[in-house]
Amino acid sequence: MNILLTGGAGYIGSHTAVELLKAGYDVIIADDLSNSSEEVISRIEELGGRRVSFYKLDVCCREGMDRLFSEQDIDACIHFAGKKAVGESVAKPLEYYRNNMDATMTLLETMEKHGVNIVVFSSSATVYGIPELVPVDEKATRWCTNPYGWTKYMSEQIMRDACVANNELSCMLLRYFNPIGAHESGRIGEDPRGIPNNLMPYISQVAIGRRERLSVYGNDYNTPDGTGVRDYIHVVDLAKGHVAALRYAETHPGCTAINLGTGKGYSVLDIVHAFEAANGIKIPYVITDRRPGDVETLYADPELAEKLLGWRAEKTIEDMCRDTWNWQRNNPNGYGN
Ligand code: WQD
């Protein structure tokens, strides 16, 4: 089967491409490289043991996407392409709504035109906003606190309505918790442009000497050590979850939302200490004010993924910290953008 990965040169997309190749799928990647590097393509082929077709393409470009679907016999799509910085989305909402909604709409309309009826969507736990209860299951109320989250929420709704209108369409809405880590080879990993928004890439840049110290955003939350608690999941476990979701979608039309998390919550300082212990590196930090929009505690109820997909995260926090450092120390400047 030929699988199109929009945004497939990105962090989650590249790790998913490797797992798809290893599972015997053929991979086509469409990526505008606005937040990734073409170097990733050769590394995916190195790790997956096979070539991939790459199109440098803005997924919002209808003509480009139509040409791709005409040239390639696409069986299913995994939709990663989109802007994903929460803070940036608050500052530039129109850019986020235009880009992320246009990408989703262009993909779905091109799929419809070419008779492709399977899409796995890169959604996010951010659609849960500030959860009433933790762990969070898929029935939890969804309400977003930023434009980025609303683009995920609205894309989910579009796919839900599309499935009602087309009973052959299968949409898997994968709600990621906090992906971290890297492929054990150290050849692919997270390479954010500019100052990292997220915790683990910031920690690894402190470790490699690119940043002086970590700012811990608040230690006055109602959590065991006062710092924010999240459900960190190894990016390779997450990638394998996409392969499992694709397999399920092949025989299950309709719209299915699934949490991809471990079901365990770790605080910011838990992660700092785990990184220090796994790698023997001191991470200097300073406690600063809370970051606006942050929730106190968020972790998944992962049961539905195991029940429907037969998938459960397996890697430990130590694996995540060790693999993160292995990537960073082998690629001090990421892919060298
Ligand atoms: C984790 C914890 C911070 C950075 C976001 C998006 C989510 C997904 C993952 C895209 C929090 C603390 C962080 C730092 C810190 N992205 N922190 N210092 O905010 O849970 O989720 O990224 O899909 O949709 O919402 O992840 O890594 O930014 O923060 O103290 O320099 O680390 O306060 O408690 P978050 P994060």
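Order of listing sets the numbers, starting from 1, for every ligand and every atom in it. Below, each value reflects all heavy atoms present in this structure, side chains not excepted, and no hydrogens, waters or symmetry copies. Residues: numbered from 1 along the sequence shown.
At a 4.0 Å heavy-atom cut-off, ligand 1 touches Asn178 through the side chain alone. Only the side chain of Thr126 comes within 4.0 Å of ligand 1, counting heavy atoms alone; its backbone N, CA, C and O stay farther away. Only the backbone of Ser215 comes within 4.0 Å of ligand 1, counting heavy atoms alone; no side-chain atom from C-beta on gets that close. The proximity of Leu199 to ligand 1, defined as any non-hydrogen pair under 4.0 Å, involves the side chain as well as the backbone.
Ligand-side atoms of ligand 1 in range of Val86: 6 (C), 25 (O), range being under 4.0 angstrom from any heavy atom. Of all atoms in ligand 1, listed by their number and element, those nearer than 4.0 Å to a heavy atom of Asn197 are 4 (C), 28 (O). Remark: ligand 1 atoms within the under-4.0 Å shell around heavy atoms of Gly228 are 34 (O). Counting the atoms of ligand 1 from 1 in the order shown, those under 4.0 Å from a heavy atom of Asp294 are 3 (C), 33 (O). Interface atoms of ligand 1 facing Leu214, defined by a heavy-atom separation under 4.0 Å, are 18 (N), 31 (O). Those atoms of ligand 1 that come under 4.0 Å of a heavy atom in Val216, given as number and element, are 30 (O).
The pair Glu138-Arg175 fails the salt-bridge criterion, with no side-chain N (NZ, NE, NH1 or NH2) lying under 4.0 Å from an Asp/Glu carboxylate O. Contact check on Lys56 versus Asp31 returns no salt bridge, with no Lys/Arg side-chain nitrogen under 4.0 Å from an Asp/Glu carboxylate oxygen. Here Asp294 pairs with Arg291 in a salt bridge; the nearest charged N to carboxylate O distance falls below 4.0 Å. Taking the charged nitrogens against the carboxylate oxygens, Glu296 and Arg230 have no contact shorter than 4.0 Å, which rules out a salt bridge. The existence of a salt bridge linking Arg322 and Glu184 is excluded, since no basic side-chain nitrogen approaches an acidic carboxylate oxygen closer than 4.0 Å. With respect to Arg187 and Glu46, a salt bridge is recorded, a charged nitrogen being found less than 4.0 Å from a carboxylate O.
Between atom 29 (O) of ligand 1 and the options Lys83, Arg291, Glu296, Arg230, the minimum heavy-atom separation is to Arg291. With Phe177, Tyr217, Tyr176, Tyr202 as candidates, the residue nearest to atom 14 (C) of ligand 1 on a non-hydrogen basis is Tyr217.
Of the protein's non-hydrogen atoms, Ser124 OG, 2.9 Å is the one closest to atom 24 (O) of ligand 1. With respect to atom 10 (C) of ligand 1, the closest heavy atom belonging to the protein is Tyr148 OH, 3.1 Å. In this structure, the protein non-hydrogen atom closest to atom 22 (O) of ligand 1 is Asn198 ND2, 3.0 Å. Protein heavy atom nearest atom 12 (C) of ligand 1, with residue, atom name and distance: Val268 CG2, 3.7 Å.
A donor atom on one side chain and an acceptor atom on the other are found under 3.5 Å apart for Asn166 and Asn117. At a cut-off of 3.5 Å, with distance as the only test, a side-chain donor of Ser122 or Tyr176 sits close to an acceptor on the other residue. Using modelled atom types and a 3.5 Å distance limit, the side chains of Tyr55 and Glu71 yield a donor-acceptor pair.
When only interatomic distances are considered, the shortest N/O to N/O separation between Lys84 and ligand 1 does not fall below 3.5 Å.
In this pair, Tyr335 and Trp327 present their aromatic rings tilted. The plane angle is within the 30 to 60° band. Taking the six-membered ring for Trp and thresholds of 30 and 60 degrees, His252 and Tyr248 have nearly parallel ring planes, at less than 30 degrees apart.
Contact between Tyr232 and ligand 1 is present, with at least one heavy atom of the residue lying under 4.0 Å from the ligand.
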